Structure formats: C-alpha cells, structure tokens
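Since this is a predicted model, take the numbers as computed values, not measurements. Atom set for the values below is all heavy atoms of this structure, side chains included, hydrogens, waters and symmetry mates excluded.
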Amino acid sequence: MGKYLNPGNDRFEEIRRDIYVDKSGLITYMNGLIGKPKPLVCFSRPRRFGKTFAADMLCAYYDKSCDSRFLFEDLKVADSDSFLTYLNQYNVLSFDVTGFITKSGECGTNILMKMQNALLEDLRQAFPDCLGMEEDSLADALYKIVTGGNAKFVFVIDEWDALFREFKDDTDLQRDYILFLRSLFKNKDITTKVIAAAYMTGILPVKKYGTESAVSDFKEFTMESPAKLAEYVGFTESEVRALCKEYHMDFSEMRTWYDGYSFSKIRHVYSPNFVMNAIQNEEIRNYWTKTESFEGLKKYIGINLDGLKDAVIWMLGEQRVAVDTGTFQNDITSFNNKDDVLTLLIHLGYLAYNQSEGKVYIPNREVAEIFRSSVKGGKWEPVARTIDQADRLLDATIRGECETVADSLELVHEECSSALTYHDENSLVCAIYIAYYTAKNYYTIIRELPTGKGFADYSFIPLPDTDRPAMIIELKYDKDADTAIKQIHDNRYAGALKGYSGNLLLVGINYDKDAKGKRRKKHSCVIERM
C-alpha cells in the first residue's frame with residue numbers, strides 16, 4: 001500500500017460509517033467495461049456532488065491490497081454477476097491532481113514532472129524487481145510491471161481538470177498535461193495490456209481543441225448529458241425521500257432548496273453535499289461556500305457578451321433560456337458568445353440543463369440565493385435594487401396599495417426587460433417573479449395552477465408558520481385590472497386552494513402595451529380581499 005498505489009479501503013470504510021446512500025451501481029457499470037476496448041470513463045460533475053466519494057468507493061472495490069467484501073456485500077453491486085469476479089483483483093493507481101498543485105504553489109513549472117515522479121516512486125517501492133531508478137516514463141513503467149506477471153491497473157483520477165482551472169492561461173502546461181494523459185490512454189499497448197479500466201472525475205468535460213476531444217477514447221458523462229449514469233450525478237428523489245423519512249426532515253422543503261437538476265432518465269436530482277449537511281445539522285438552509293460561490297458566479301455573469309445580461313435576468317424571473325452548448329471548448333477562458341458562458345455555468349452547477357428543450361434555468365432556491373448575491377453592483381444595480389425592494393412590494397400588496405403595486409411593477413418591467421422583449425408577454429411574467437423575488441421565503445409560488453375552469457396565472461400559497469395571506473394573481477394585456485379580477489371570480493380560481501383556511505387576496509394586473517396606436521407601458525392593479 002502506497003500513497004498513490006493501492007490506497008486501501010480506509011476512506012470508504014469511513015464513508016460507510018456515516019449517513020450513506022448506495023451508489024455502488026457505478027461499480028457494476030465500470031465492471032461491464034473491463035475486457036472491452038477503451039474501458040475509459042470521464043464523469044464530470046460540479047463541486048459538492050460526491051465526486052471524491054465515488055472515487056474512494058472505486059478504489060476500495062478494485063484495490064488488491066485489501067479485502068473489501070464486508071463493505072460491499074450489503075450494497076446493490078453485490079447482486080451483480082460481476083461482483084466477486086473483480087472485487088479486489090487489481091492494482092489501483094489513484095491520485096487527486098489538486099494535491100500536486102498544492103505542492104507546486106502558484107507556479108505550474110515542473111508540476112507534471114513532480115506528478116510523474118511521485119507516481120513512479122510508489123511503483124518502484126512496490127515492484128523493485130520490475131523497475132530501476134532509471135525509469136522515468138510512467139507508461140513504460142506500468143507496461144514493465146504488468147508484462148512482468150503482475151495484475152493490471154485501474155486508474156482513479158480525481159479533479160482531473162484542475163490544471164485547466166488553476167493555470168487557465170498556461171497553454172504550454174495544458175498541452176503537456178494532455179500529452180501526458182495521451183501517453184497513458186491513447187497508447188494501444190497500455191490500454192489493452194496494462195489498464196483494466198480508468199475513471200476520471202472533475203468539473204469540466206475533456207478539453208476540446210476545435211471540435212475534437214483532446215483525449216477522445218474516454219466515454220464522457222457530464223452535467224449536460226450524463227446519459228446512463230444520470231442516477232449517479234447526485235441523489236435521486238426516492239433517495240432523498242428515504243433520507244427525510246429516516247431522519248425526520250421536511251421533504252417538501254428539502255426539494256425546494258436542493259432539487260432542480262433534471263435529466264432525460266432521472267427527472268429529479270439533488271446536490272448530495274447539501275442534503276447531507278441539512279440532515280447532519282438538522283437545518284435546511286444554504287450550504288454553498290458563499291464567498292467562493294458569489295465571486296465565481298459574479299465573474300462569469302459579468303463577462304461583456306451580448307445577450308448574457310438579458311439571459312440572466314430572464315432566469316432570475318424563473319424563465320428558461322435556450323442555449324447552444326456545442327461551441328463550448330470545455331475550459332474557463334474560451335468564451336465566444338453568451339452560450340459558452342451559460343454552458344460553463346451548467347458544468348459548475350449554477351444552472352440546470354434540460355436536454356430535450358435545449359434550455360437552461362436556475363435549479364433551486366439555494367442557487368437562486370447565490371445569483372441574488374452576485375447581481376449586486378455595476379451594470380446589475382437596477383436588478384439588485386429591484387430584488388432588495390421586493391419585500392416592500394409584497395407588503396404593499398398585502399396592504400392593498402394598488403397604485404404603489406402598479407407603479408413598482410411598471411418600474412421593474414422597465415428595468416428588467418430589454419427594448420426587444422419589453423412587449424413580449426413573457427417579459428411581464430419575468431418581471432412579476434423578480435418584483436416578488438423574496439416572496440419565495442414566505443410562499444410556495446405556483447404558475448399556471450389548474451383550477452378546473454382554466455389556470456390561475458400565479459398562486460401564492462403561504463408556507464407553514466407564516467401569517468401572510470394567500471394570493472392569486474391574474475395578468476391581462478390591453479384590457480383592465482377589473483377584468484382580471486372578474487376572471488378569477490368567474491372561473492372560481494379560489495377553488496384551487498381547497499383546504500386552505502385564511503385570508504386570500506385577489507390581485508388583478510393589467511399591462512396596457514398599446515393604446516390608440518402608441519405604446520404607453522402603463523400598468524394598473526386592483527386588489528380584492530376575501
């Protein structure tokens with residue numbers, strides 16, 4: 001057992017002692033690649049999505065220096081035909097790239113040499129009969145070890161993309177790193193005779209040069225397209241329900257805070273680290289490292305690219321934005337258009353992506369709070385000011401101050417809509433969400449709530465332990481606010497709140513977008529209390 005060679009199962013044993021969600025099906029998938037051409041996987045996910053836990057699990061399972069059966073025999077992988085076949089049968093070479101960066105400090109010079117030398121040192125100590133001190137190529141060393149009669153290797157590489165993130169402007173270092181990876185994973189003799197399987201994980205997908213992947217033999221699974229590995233991106237809804245039941249947590253609140261990532265095979269995916277923190281602390285709240293998250297997101301949404309600001313405002317207003325992910329070069333510097341920035345935010349976890357729609361959106365309340373913090377200052381000041389005043393608007397609505405509400409909405413609509421989209425009906429929908437941005441602290445907000453005789457535009461249902469009235473908001477265009485109120489009554493929208501007992505506000509809002517051939521941008525409001 002060395003530092004990088006055959007690290008044992010201690011780390012996974014510690015994980016099993018804590019709150020644990022069974023993700024061992026990932027092992028079954030990896031086992032299915034062994035013995036096949038190109039058994040190489042790169043599975044990228046954001047921070048706090050369990051990447052290192054998965055790496056530790058794979059190490060414990062494959063590492064021939066230990067006996068890990070007791071850690072897996074009660075998990076799903078034990079039911080697979082391949083479980084005992086590959087259990088603790090391989091040499092594992094496992095390393096976290098960020099560890100080498102920490103040792104090298106801010107300078108990336110010779111980092112690859114240090115990485116290779118450290119790995120070779122472990123191999124020399126374990127296989128002195130195969131390797132001498134003169135060996136300086138990792139690929140050649142591995143070949144000598146396996147052809148000398150030893151077991152094949154499983155690679156487990158954590159934070160594989162750290163060099164691209166930490167040394168984003170050092171193109172020479174990046175090129176040399178890719179050549180290092182190619183020497184291992186593009187060499188046919190190595191991949192067929194030496195490597196049983198390889199698993200890389202990080203935040204970014206494999207770097208592109210033009211339209212080609214730099215290490216093209218890897219099967220890639222990403223936040224954009226996790227395909228058959230979608231259930232291993234994070235926690236599924238059934239897993240979170242089970243945790244909430246076991247630890248007496250409010251599932252609906254957990255869903256509001258941490259759900260929102262959705263893929264074609266798994267519709268609800270939760271960020272694992274945040275769910276675990278909430279359970280361990282017995283408190284559901286924001287668990288992002290706020291300074292890091294705020295500064296990182298602020299930097300990217302502040303990039304001066306046409307259409308990016310409008311896209312962010314649209315998403316702050318609970319809308320979805322179309323994105324072309326194909327031009328993204330899988331790094332954090334090559335931005336040619338707003339879509340490249342939005343695609344990066346998908347991989348960083350700030351945005352969720354609906355593949356069938358080709359659209360991005362802010363996934364949940366936790367991330368929404370990071371966006372709220374990030375839009376303060378500079379060109380975002382009008383939006384930030386609007387959000388900061390949202391509580392005042394909500395209070396004015398509850399007090400029935402119709403003119404104040406109309407004037408405030410008019411201002412929000414003006415500040416948060418571009419000239420091209422101002423008269424788009426969805427822009428008012430967006431403005432409503434931003435204007436009442438903080439209402440989600442007190443309400444469950446449902447758009448297009450079915451009522452039996454149509455759909456109520458907005459229903460604000462008070463959260464438990466709040467003393468605020470429920471609200472139904474109906475929007476109209478080029479009519480009048482009284483018509484909106486009449487529609488609420490005629491279609492009996494209040495019936496949708498069956499089971500709710502308490503005060504109810506009916507709010508009718510009209511946007512007069514074209515009066516006598518002139519665009520007036522005039523809003524009106526009527527509020528009725530029931």
Side-chain angles (χ1 to χ4, degrees), residues 2-5 7 11-12 14-15 23 26 30 40-60 62 92-108 110-119 122 138 153-170 173-182 184-185 197-208 213-215 218-224 226 229 232-234 271-273 288-289 292-293 296 329-333 344-350:
K3 186 171 184 180
Y4 308 108
L5 174 67
R11 291 180 301 203
F12 187 61
E14 289 178 5
I15 292 169
K23 293 295 183 180
L26 179 62
M30 293 298 298
L40 314 173
V41 169
C42 183
F43 188 10
S44 57
R45 286 168 283 170
R47 288 189 178 95
R48 308 171 187 86
F49 271 73
K51 298 189 299 298
T52 301
F53 280 14
D56 290 341
M57 177 184 70
L58 293 171
C59 288
Y62 288 114
V92 172
L93 204 56
S94 172
F95 56 94
D96 181 341
V97 176
T98 58
F100 295 106
I101 293 174
T102 300
K103 292 178 181 178
S104 300
E106 295 182 0
C107 178
N110 297 327
I111 188 172
L112 292 178
M113 183 182 298
K114 293 177 181 178
M115 180 188 299
Q116 187 160 237
N117 287 342
L119 299 174
D122 260 18
L138 181 61
F153 282 81
V154 170
F155 270 79
V156 179
I157 304 176
D158 198 4
E159 301 289 356
W160 85 270
D161 57 326
L163 288 178
F164 289 97
R165 292 186 275 112
E166 298 297 327
F167 301 100
K168 56 183 179 295
D169 298 318
D170 193 339
L173 175 62
Q174 294 174 17
R175 183 193 64 247
D176 291 344
Y177 180 48
I178 289 298
L179 292 175
F180 168 71
L181 294 177
R182 282 179 169 173
L184 295 171
F185 305 121
Y199 178 88
M200 293 200 313
T201 187
I203 295 175
L204 297 174
V206 173
K207 168 69 177 163
K208 288 182 185 177
S213 173
V215 191
F218 275 82
K219 296 175 176 64
E220 284 213 70
F221 304 91
T222 71
M223 291 297 285
E224 179 189 341
L229 298 189
Y232 308 114
V233 169
S271 44
N273 180 270
W288 283 74
T289 305
E292 169 199 340
S293 302
Q329 295 300 297
N330 297 349
D331 61 35
I332 60 175
T333 57
L344 173 63
L345 296 182
I346 295 170
H347 295 295
L348 294 176
Y350 292 116

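With hydrogens and angles disregarded, no donor-acceptor distance shorter than 3.5 Å links the side chain of S271 to the backbone of N273. A donor-acceptor pair is defined here as one N or O able to donate and one able to accept, closer than 3.5 Å; such a pair exists between the side chain of Q174 and the backbone of K168. A side-chain donor-acceptor contact under 3.5 Å links D122 to the backbone of Y4. Remark: the backbone N or O of V206 is not paired with any side-chain donor or acceptor of W160 at under 3.5 angstrom. The closest donor-acceptor contact from the side chain of Q116 to the backbone of L138 lies under 3.5 Å. The main-chain N or O of M113 is never found under 3.5 Å from a side-chain atom of N110 such that the two would form a donor-acceptor pair.
Relative orientation of the F221 and F43 rings is perpendicular, given thresholds of 30° and 60° on the angle between their planes.
Side-chain contact between L93 and V156 is absent, with no heavy-atom pair separated by less than 4.5 Å. Here the side chains of L26 and Y199 are in contact, with some heavy-atom distance below 4.5 Å. Between I15 and M57 the shortest side-chain heavy-atom distance does not fall below 4.5 Å. L112 has its side chain within reach of L163: a pair of non-hydrogen atoms, C-beta onward, lies under 4.5 Å apart. Looking at heavy atoms from C-beta onward, D331 lies out of side-chain contact with L344 at the 4.5 angstrom threshold. Side-chain atoms of N330 and P205, non-hydrogen and from C-beta on, do get closer than 4.5 Å to each other. A 4.5 Å side-chain heavy-atom check between R11 and T52 finds every atom pair outside the cut-off.
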Verdict with reasoning, L119 to L5, per side chain to side chain contact (heavy atoms under 4.5 Å, CB included): CA-CA 8 Å; L119 299 174; L5 174 67; over 6 Å; no
Y177 and F164: CA distance, side-chain angles, deciding distance, side chain to side chain contact (heavy atoms under 4.5 Å, CB included) verdict: CA-CA 9 Å; Y177 180 48; F164 289 97; 3.8 Å; yes
Residues I157, T201; criterion side chain to side chain contact (heavy atoms under 4.5 Å, CB included); working and verdict: CA-CA 6 Å; I157 304 176; T201 187; over 6 Å; no
Side chain to side chain contact (heavy atoms under 4.5 Å, CB included) evaluation trace for R165 with I203: CA-CA 9 Å; R165 292 186 275 112; I203 295 175; 3.8 Å; yes
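Listed here is the closest heavy atom pair of P272 and G234: CG-CA, 3.6 Å. Residues M223 and V233 approach most closely at SD-CG1, 3.6 Å, considering heavy atoms. Counting all heavy atoms, side chain and backbone alike, P46 lies closest to L348 at CB-O, 3.4 Å.
Taken to the nearest 0.5 Å, the CG atom of L58 stands 13.5 Å off from the NZ atom of K23. Atom CZ of F12 is separated from atom CG of D56 by 8.5 Å, given to the nearest 0.5 angstrom. T98 contributes atom OG1, which lies 8.5 Å from atom CD of E166 (distance to the nearest 0.5 angstrom). Rounding to the nearest 0.5 angstrom, the gap separating the CZ atom in F95 from the NZ atom in K3 is 13.0 Å. Once rounded to the nearest 0.5 Å, the distance linking CE of M200 with CG of L181 reads 6.0 Å. With rounding to the nearest 0.5 angstrom, the NZ atom of K51 is 7.0 Å from the CZ atom of R45.
With sequence neighbours excluded, the residues that form a ring-ring contact (aromatic ring centres under 6.0 Å, His included) with F185 are F155, F218. Take D158 and apply the salt bridge (Lys or Arg N to Asp or Glu O under 4.0 Å) test, not counting sequence neighbours, and it matches no residue.
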